[in-house]
Number of protein chains: 2
Amino acid sequence: MKIPIDGVQAFVHVAELGSFNRAAEHLSITQTALTRRIQRLESFVGLRLIDRTTRSTALSPMGKDFLPLARRIVDDLVHGLDRLRTTSRLGVGDVTLATLQSVAFRQLPLALRSYARKYPHNRIQLLERSGALVTDAVREGQADFGIHIQQDANPDLTEEMLMRDPFVLVCSRSHPASKLKRVGWSNLGGIDLITLGGASGNRRIVETQLVKAGLQTRGRFVVESTPSAIALARENVGAAILPAAMNATTVASGLVEVPLVDPVLYRAIALVRRRNETLSPAASALYGIIKARLCSDKR
Amino acid sequence: MKIPIDGVQAFVHVAELGSFNRAAEHLSITQTALTRRIQRLESFVGLRLIDRTTRSTALSPMGKDFLPLARRIVDDLVHGLDRLRTTSRLGVGDVTLATLQSVAFRQLPLALRSYARKYPHNRIQLLERSGALVTDAVREGQADFGIHIQQDANPDLTEEMLMRDPFVLVCSRSHPASKLKRVGWSNLGGIDLITLGGASGNRRIVETQLVKAGLQTRGRFVVESTPSAIALARENVGAAILPAAMNATTVASGLVEVPLVDPVLYRAIALVRRRNETLSPAASALYGIIKARLCSDKR
DNA sequence: GGATTTTCATGCATATCCCTCATGAAAAAT
DNA sequence: ATTTTTCATGAGGGATATGCATGAAAATCC
């Protein structure tokens, strides 16, 4: 036999309004239907919960006992489901996004502002991680999804490419290379290179390519972060290999970007999330906005 | 749209068992039906609660959020309704019974013992009241129901006659009246009467009849309780007018009961309870037992 | 005091909903 | 590659709830 939740709800309403008719109206059903619901509930539990004459209604002793619990059940149910519904409709909720610092600096702010306008009540937590740590944060559930450099496929995760970001050579205007229209990887031999080290995801890509070009694995200067690299380049210590998206030129004046070619090497920025797991509405909305924003930004 | 309580229940089971099939089996429905319930729930709230592949099931973030509440709802509902059901089936519960002292002495013990055997876990509280106080206790809700002397109908109460208890003249074996087979009310003139006073319900009945018989309103000795009356009669101070049910003869030896006739006057012992209010199962059971026991006892 | 109004209960027809059976699809196990 | 396991889907039938019209009982009204 089925659980007469309708009956419980009806019971609470009758108890509160003291009348079948008013309760029925309140529930937008006929009085007939309401009577039947109460009857079903009573026959389910096997005892009379509401003593009713043609004139008045009153709870029986057991009805009085049951009322608080019944009220709680109905409230929990209605509010609980309602919360879920509004969540789904409005996309209410918190989002935690793991991202590369570099992306957080440049591309993300626009997307976040757009999201914040659309969902003023939602909070966003940004985890700024470098390299593989983004992936880890997503896989371990610390973040709803992440933005990272595409890498070896992970069975637990799905990726979706956002844009391909070419590497460029950044150097001071007074640096010899600044005069070039472009420069091939194999022509970097005579240049003091500033490269990223540490856990950076770029490091792997750049170093691989350097090896292919027959140069030493590491640049002459290995720094931990992009700002440091830019600072060094600015002082003309050497030329830095950086993603174009960093837009070093605009960060510090007096710098020049020279495209790196043969081959044009990209780092693939991708959205990453757990495979087979639905994003929360809030996360899903942000995911969509980022995808739309950054894809159109593609160079 | 209707509240998908089945879906919530299904959701909890799937969450706990990690499998649609096992959950379906647990609920004794087909896997198909269970899938449908989950689908209905999800379409009701508008978001996916369980991420499922053909191989595995896992809660989505919102599902995880919802699980504790869902579990509580289902538990409350199932346990709450179950409690009511067992209550109705077993008649579990406490009963408070208001009764006349006289009835409590004599007829009730048998009924109570029988009830106690049938429902070993139920507690009974006895309110011993005299006269109209039984009625008051019932009307004011202090007692579930009562046993009293039938009187003017009260709109709030319903009565059900249990037995009619004739009044007898109780006297010592050495009392002149003890030789009579019966005695008419109008022949009580020369006898020193011991009557009940105070709040006794019998008082009204007896006094009314005495007036009708042309005797003084009160007996020569007016006592407050039956035991006192019996004690006086035993010492041959006079003859007492008492309900036959008191069985004075067996309480104190050396006493004789003489039927009072012209008319044979009864006090009507009745069950009384609040009109239009369902008795709790426990009370209802006791009510039934008393009715059966004492009615068969009718003289 | 009888007519009217109010309120809960019931019989019947209908529409809705939900379940089961059979089958499909996808992924893991053999 | 085949089998097995597990969730999803389509269709049909049966159970169940709903609504309308009406009844019954009690309070109110004139």
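Only a predicted model underlies this, so the values are computations on that prediction, with no experimental measurement involved. Residue numbers begin at 1 in each chain, while the letters A, B, ... track the order of the sequences.
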Asker: Take B:G18 and A:D6, find for each the nucleotide of DNA chain D with the closest heavy atom, and name the residue whose nucleotide sits nearer the 5' end.
Answerer: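 The answer here is B:G18.
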Asker: Hey, does the side chain of A:T30 come within less than 4.0 Å of D:dT18's phosphate (OP1/OP2), counting only N and O?
Answerer: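 Checking D:dT18 against A:T30, no side-chain N or O comes under 4.0 Å of OP1 or OP2.
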Asker: So, does the side chain of B:T32 form a donor-acceptor pair with the base of D:dC7 at under 3.5 Å?
Answerer: no
Asker: Would you classify B:A33 as touching base, sugar-phosphate or nothing, given that sugar-phosphate means primed atoms plus P, OP1 and OP2, and contacts are heavy atoms under 4.0 Å?
Answerer: base
Asker: To the nearest Å, give me how far apart CD (B:Q31) and P (D:dA8) are.
Answerer: 7 Å
Asker: State whether B:R36 and B:E42 are salt-bridged, where the test is any N-O pair (Lys NZ or Arg NE/NH1/NH2 against Asp/Glu carboxylate O) under 4.0 Å.
Answerer: no
Asker: B:H148 and B:E159: side-chain donor and acceptor closer than 3.5 Å?
Answerer: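 Yes - a donor-acceptor pair under 3.5 Å links their side chains.
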Asker: Name all pairs fulfilling the salt bridge (charged side-chain N to carboxylate O under 4.0 Å, His left out) condition that reach into residues 266-289 of chain B, sequence neighbours left out, sorted by first residue then second.
Answerer: B:D165-B:R267, B:R274-B:E277
Asker: Under a 3.5 Å cutoff, is there a donor and acceptor pairing between the side chains of A:Q31 and A:T35?
Answerer: yes
Asker: So which one's nearest nucleotide on DNA chain D is more toward 5', B:R36 or B:R22?
Answerer: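 Looking at the nearest nucleotide for each, B:R22 comes out on the 5' side.
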Asker: Is there a residue in residues 37-45 of chain B whose heavy atoms reach under 4.0 Å of DNA chain C, and which residues are they?
Answerer: B:R37, B:R40
Asker: Salt bridge or not between B:R72 and B:D75? Use side-chain N to carboxylate O under 4.0 Å.
Answerer: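 No.
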